[in-house]
Amino acid sequence: MKTGTEIRDLFLDFFSQKLHQIVKSAPIVVKNDPTLMFTNAGMNQFKDIFLGLKNPESGRVADTQKCLRVSGKHNDLDEVGHDTYHHTMFEMLGNWSFGDYYKKEAIEWAWELLTEVYQLDKDRLYVTVFEGAESDNLPIDQEAKDEWKKWISEDRILLGDKKDNFWEMGKTGPCGPSSEIHIDLRSEEERAKLDGKSLVNQDHPEVVEIWNLVFIQYNRKEDRSLETLPQTHVDTGMGFERLAMALQDKKSTYDTDIFDLTREFLETRTGLVYAEAEEPQRIAMRVVVDHIRAITFTIADGQLPSNTGAGYVIRRILRRASRYAFAYLDIKEPFLNLMVPLLAAQYKGIFEEVYLQMDYIRKIIFQEEQSFLRTLAAGTQLFEQYLKENPSSETVDGAFAFKLYDTYGFPLDLTMLMAREQGKSVDTPSFDVLLKEQKDRSRKATALDAGDWVTVNPSEDLPVFVGYDVLHSETLILSHRTVSTKKKKLFQVVIAETPFYAESGGQVGDKGTLSNGKETLKVIDTQKENELIVHLVDKLPEDPSGEWKAVVNPVFRAKVKSNHTATHLLHAALRNHLGAHVEQRGSLVNDKLLRFDFSHFQKVTDEEMARIEKEVNQKIAAGIDLVEYREMPIDDAKGMGAMALFGEKYGDKVRVIVFDPDYSVELCGGIHVDNTREIRLFKLVSEGSVAAGIRRVEAYTADHAFAYLTEKADKFDRMGALLKNTKDPEKALNDLTNKTKELEKQIQQLSAEKVGRLKDELKNKATALGDIQVIREKVNVGTSDDLKRLSYDLSKVTENTLIVLGAVIKEKPLLSVIMSNDLAEKKAYHAGNMVRELAKEIKGGGGGQPFYATAGGKDVQGLEKAFKKVEELV
Ligand code: SER
């Protein structure tokens with residue numbers, strides 16, 4: 001039986017022999033594409049090639065791609081665990097033709113690989129072909145059908161509709177008819193009873209799709225119309241886990257060797273045997289072994305769990321795993337993180353990023369688990385309180401379940417489970433209504449409506465970026481469009497030749513102008529959409545035709561590049577002083593500051609900060625020239641010491657930025673100074689933590705750094721003037737602080753003496769009231785603490801006495817009620833209740849213990865009335 005690793009290798013070898021270039025998986029987290037959060041198919045990284053926006057490095061490519069289907073058009077999250085063949089994260093084996101071969105070869109090779117290399121039983125295979133769709137005016141895919149007829153009998157070729165046989169990446173983008181290959185894995189007996197043909201695409205767990213061959217030839221536009229692409233392409237995707245299930249003769253992807261390590265871990269941990277466990281426990285085990293892969297791989301590619309966007313999706317997946325384990329496997333401590341080393345070992349050599357960041361990923365997951373388990377505990381408590389308050393109701397209020405869910409992150413199914421344990425049910429319809437309302441609200445808030453691009457000047461050539469060398473260009477507007485969000489309208493322009501740097505790699509987009517002599521558009525920002533450089537402008541041009549001059553704001557650009565180069569120097573200095581474990585985890589470079597996040601497990605001390613800052617300033621003063629390589633083979637760059645960042649997509653050729661080959665060598669697409677002396681000054685201004693194991697520092701350079709230091713120096717001088725010692729304000733401040741401490745001590749002593757004297761005076765002023773003695777006095781003390789001290793001291797030196805003291809502190813009346821110890825023990829009076837009554841006289845409120853209580857108020861005149869009232873109360 002072939003192992004997963006062998007199956008993967010056979011695929012790649014096969015296509016390598018068919019002259020395909022084997023490429024790396026793209027990161028699972030997508031950047032620069034507003035239509036996609038995560039890679040959901042192998043073809044995502046080639047989208048721009050299909051659309052004609054980028055030229056391929058090779059016409060034939062194959063790989064295994066990490067995919068995640070948990071959001072947008074392709075979302076399997078709810079099925080995962082409940083069935084036996086869906087996954088959040090899975091590997092997609094794919095081969096591509098970019099304007100090279102088409103249906104004939106794609107079909108022939110797919111058949112050859114499956115039946116000759118993998119030797120799958122031909123009798124168990126079925127294929128589907130697109131039947132056409134009137135709504136899009138598309139005919140049946142006769143060509144694919146004819147090609148299949150060469151290999152498989154016609155009764156095994158089934159026709160499928162748009163839903164199953166027309167593949168689209170998302171709401172818009174490259175698409176085309178597809179042909180799927182399905183396999184029937186049922187036993188001979190079952191197959192004899194019922195033809196597998198009738199089970200294709202019927203959600204049968206043992207009759208599943210394994211490979212999808214897509215023939216990309218259209219672009220789906222925003223208005224739903226299809227635009228024919230200039231070339232035809234092939235995009236195939238085979239589910240690696242499902243292929244392994246077929247080749248390893250298993251009934252479920254979860255039974256393959258791909259999940260051996262994590263499944264066995266769970267079995268040991270819970271004492272359960274997966275094959276024999278009850279269905280809810282089996283579901284939970286599947287959820288866990290599936291989700292831990294998704295979480296681990298996305299964190300490895302740089303996406304931390306968070307409260308928004310992609311980070312929130314990851315957090316939810318992690319919590320889903322955590323709560324299934326909590327509810328069904330009885331695991332109530334953090335444990336998911338312990339599976340990271342297993343995955344690291346399993347994928348070493350294939351997806352090296354997990355192995356290389358194992359400890360880091362574990363720490364992040366551990367922290368998330370811990371905080372979610374606290375949430376679960378808090379939610380459980382609230383739930384118990386709810387039960388106490390509503391003992392007789394049979395159903396748990398939908399609004400309460402929603403509050404648990406919305407405010408405390410407590411999932412509905414857990415609430416339902418806990419309700420069931422108490423013999424109650426949850427009013428889910430009203431929960432659903434609230435949930436829908438909330439979703440509608442947030443959808444409305446983020447809805448973005450992008451119009452189609454309007455072509456102004458059709459061009460065969462791709463737009464080019466010239467901004468490494470110049471700050472202006474004479475150019476043509478290629479296209480423009482309007483994008484409306486709920487709040488405002490944005491206008492976007494694409495030009496043939498642009499000096500504007502589009503935001504990426506942490507560096508913000510350029511600002512500037514586009515003008516044609518008659519009108520001027522302000523460029524507010526420049527962004528990348530896949531490979532397209534998009535200029536955000538304040539209005540659309542009245543007449544876009546003709547020549548335009550694009551000019552980048554040079555002052556803005558100069559500030560940004562100074563900060564960018566300083567970031568590289570800082571990175572090198574951090575590694576020098578803190579160690580080689582320091583790796584970049586994120587950065588922001590704009591015209592005001594530079595921010596750098598990096599892995600490091602403790603605070604950077606003041607002393608380390610000072611050394612790092614000094615080294616960067618030395619490199620600035622040394623006047624190191626920029627050496628830039630625009631197109632260096634990636635292996636040469638790594639040989640020079642450049643580090644690739646996890647979660648970044650690199651081509652074969654990379655740009656390398658060097659400031660002294662022995663100091664700073666980085667893969668970088670950003671803009672830099674020609675010589676470090678241009679930075680002039682570097683000042684670190686803050687250090688802190690952003691997440692477990694990640695520190696963040698911020699710094700200023702050039703004018704901004706000078707302004708910062710000048711402002712600090714000026715403040716220091718002003719302090720000197722205030723302290724009347726301009727030479728050494730620090731010493732003056734120290735002296736002042738010491739003096740203040742001394743005075744405070746004296747004041748304390750004096751007031752203690754005063755309290756002592758008052759105590760002696762007052763203890764003799766007790767008068768009889770009924771059975772007891774009462775002291776009622778307005779006293780002259782400075783603070784409420786003094787009043788408290790006096791009350792306590794009096795209670796110790798009196799007997800059978802109720803003591804009611806009043807004072808005016810900061811112009812407000814204050815009352816205190818206390819009893820001598822013996823009287824308190826009798827419990828005949830309650831100071832707290834008494835003071836509440838007395839407080840009414842001073843227009844205030846208060847409370848406290850039976851033995852001692854205080855109240856504050858507004859009416860100083862009321863104190864006498866309060867003393868009088870004591871008689872009534874006693
Ligand atoms: N893009 C197609 C899919 O995801 C084939 O790779 O199924």
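It should be emphasised that the depicted structure is a prediction, and the values quoted were computed from it without experimental measurement. Whatever order the structure lists them in is the order used to number ligands and atoms, beginning at 1.
Short contacts between ligand 1 and V214, defined as distances under 4.0 Å to a heavy atom of the residue, involve ligand atoms 2 (C), 5 (C).
Here the side chain of K197 pairs a donor or acceptor atom with the backbone of D155 at under 3.5 angstrom. In this structure, R282 contributes its side chain and Y274 its backbone to a donor-acceptor pair below 3.5 Å.
Side chain to side chain, D290 and H87 meet the donor-acceptor criterion of an N or O pair below 3.5 Å. Between the side chains of R293 and Y347, at least one donor N or O lies within less than 3.5 Å of an accepting N or O.
Considering backbone and side-chain N/O atoms, D235 comes within less than 3.5 Å of an N/O atom of ligand 1. By the 3.5 Å distance cut-off applied to N or O atoms, G237 is counted among the residues near ligand 1.
The side-chain hydrogen bond (donor to acceptor under 3.5 Å, both in side chains) test with H291 singles out one residue from R286, R316, R320, and that residue is R320.
With a 4.0 Å heavy-atom cut-off, ligand 1 is reached by the side chain of M92 but not by its N, CA, C or O. Residue contacts with ligand 1, taken as heavy atom pairs separated by less than 4.0 Å, involve R69 solely via side-chain atoms from C-beta onward. Contacts of N40 with ligand 1, taken as heavy-atom pairs under 4.0 Å, are absent altogether.
Looking only at heavy atoms of the protein, atom 7 (O) of ligand 1 is closest to N212 ND2, 3.1 Å.
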